[in-house]
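Below is one structure, written out as structure tokens, with a few remarks after it.
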Amino acid sequence: MKYWDLFHRGRISPSMGRPPAAAMRTWMFLLLLLEACAGHWRAEESKILKGQPCKPHSQPWQSALFQGIQLLCGGVLVDENWVLTAAHCKKPYSSGDNNHDLMLVRLRSPASLGPKVKPINLTDHCPRDGQKCTISGWGTVTSPQENFPDTLNCAEVEIFPRKQCEDAYPGKITEGMVCAGDSRGADSCQGDSGGPMVCDGVLQGITSWGSDPCGQPKKPGVYTNLCRYLDWIKKTIGNRS
């Protein structure tokens, strides 16, 4: 199966073909050199974008979707049988319409719950301007170059006023979307799609789309506004669990 070239946050570059033997020897040498330098570089790089490694087990609902060994998207455990993620993680957008970007994935067997694995509660209200939230994921920590970390990363953002969000993306913001970021450019990016935006301990949004390159202070990340979809989420889980 071919890797998808996903829209915005979910974008993934397809695998390259196998190089000839001489090139392979050169690459093996470079990989050894890179491995020797990796510890230094990891100490210097920023996390998510303008974030940091998450405190261990602080995001026990965080999930990841893979295609083979390739990271596809993030996800959020919302029930022992269900993961919530972005719809474009299954089917890339073709028309530039990013609305209603959410999808429920039913697990083949219930998750083994415990202190390190547990669902997050859904919000019961819409977000308020200036509300502090946490985003997390394994997506690239640099943009436009892609550099994927080994550990889960977190960043603190705040909810932008709708007018500011609409000004940043004229004609593209609907009631099913909410913007969040900060003045430093903290942001989610490629590979973080479908991951959580947690505000006051509840799931308020999931990573959907944003600017390219990521992390522009006046171009906040755009998240699916879950308060607009609560009835659908609860009905789907209730009917099929």
Side-chain angles (χ1 to χ4, degrees), residues 6-11 48-51 61 65 73-76 78 83-105 120-137 139 143 155-183 185-200 202-236:
L6 295 182
F7 179 83
H8 285 300
R9 297 282 202 256
R11 187 174 56 207
I48 221 167
L49 283 180
K50 307 296 182 182
W61 42 78
L65 281 65
C73 278
V76 195
V78 294
V83 167
L84 185 64
T85 187
H88 77 254
C89 294
K90 179 178 181 182
K91 185 176 181 180
Y93 296 122
S94 57
S95 64
D97 181 5
N98 311 333
N99 205 17
H100 311 309
D101 191 16
L102 74 166
M103 172 176 68
L104 279 165
V105 178
I120 189 171
N121 292 327
L122 298 171
T123 184
D124 60 2
H125 59 275
C126 288
R128 63 181 186 276
D129 294 352
Q131 187 173 11
K132 304 295 185 182
C133 306
T134 300
I135 55 175
S136 57
S143 182
E156 302 303 313
V157 295
E158 65 179 48
I159 302 297
F160 274 40
R162 179 155 293 273
K163 177 64 165 59
Q164 191 173 350
C165 185
E166 292 171 346
D167 288 347
Y169 303 104
K172 295 184 178 180
I173 301 301
T174 70
E175 290 298 316
M177 304 173 190
V178 61
C179 288
D182 76 352
S183 59
D187 198 6
S188 49
C189 202
Q190 278 80 12
D192 290 320
S193 285
M197 179 173 71
V198 179
C199 312
D200 297 326
V202 298
L203 186 63
Q204 195 76 59
I206 55 174
T207 302
S208 180
W209 61 281
S211 63
D212 186 12
C214 312
Q216 301 179 51
K218 293 185 179 180
K219 293 280 188 178
V222 185
Y223 300 80
T224 304
N225 193 9
L226 291 186
C227 69
R228 302 296 181 181
Y229 301 99
L230 293 176
D231 289 345
W232 175 79
I233 294 170
K234 293 176 180 178
K235 182 178 179 180
T236 302

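- In this structure the side chain of Cys126 reaches within 4.5 angstrom of the side chain of Arg228, judged on heavy atoms.
- Considering all non-hydrogen atoms of both residues, Tyr229 and His100 come closest at OH-ND1, 2.8 Å.
- In this structure, the separation between CG on Asp167 and NZ on Lys218 is 11.5 Å, given to the nearest 0.5 Å.
- Of the possible donor and acceptor atoms, one in the side chain of Asn225 sits under 3.5 Å from a partner among the backbone N and O of Glu175.
- Judged by distance alone, the side chains of Thr207 and Asp192 never bring a donor and an acceptor atom under 3.5 Å apart.
- Pairing each heavy atom of Met103 with each of Cys89, the nearest pair is CE-CB, 4.5 Å.
- When all heavy atoms are compared, the tightest approach of Gln204 to Cys199 is CB-SG, 3.5 Å.
- Of the possible polar contacts, none joining the Thr123 side chain to the Val202 backbone as a donor-acceptor pair under 3.5 Å is found.
- Residues Val78 and Leu104 form a side-chain contact, since some pair of their non-hydrogen atoms from C-beta on lies under 4.5 Å apart.
- Atom CG of residue Asp101 and atom CE of residue Met177 lie 8.0 Å apart, to the nearest 0.5 angstrom.
- Panel note: side chain Tyr169, backbone Gly210; no donor-acceptor pair is recorded below 3.5 Å.
- In this structure, OG1 on Thr236 lies 10.5 Å from CG on Asp231, to the nearest 0.5 angstrom.
- You'll find the side chain of Cys227 reaches within 4.5 Å of the side chain of Pro127, heavy atoms only.
- Contact record, Asp182 with Glu156: OD2-O, 4.0 Å, taken as the closest heavy-atom pair.
- Not one N or O on the side chain of Lys219 forms a donor-acceptor pair closer than 3.5 Å with the backbone of Cys214.
- Within the 4.5 Å cutoff, side-chain heavy atoms of Leu203 are placed close to those of Leu84.
- Residues Val222 and Asn98 are not in side-chain contact: their nearest non-hydrogen atoms beyond the backbone lie 4.5 Å or more apart.
- Inter-residue side-chain proximity for Val178 and Met197 is flagged as met; some heavy-atom pair is nearer than 4.5 Å.
- Considering all non-hydrogen atoms of both residues, His88 and Ser193 come closest at NE2-OG, 2.8 Å.
- For the pair Ile159 and Arg128, the tightest heavy-atom approach, listed with the atom from each and the gap, is CB-O, 3.3 Å.
- The distance from atom CG of Leu102 to atom OH of Tyr223, rounded to the nearest 0.5 Å, is 16.0 Å.
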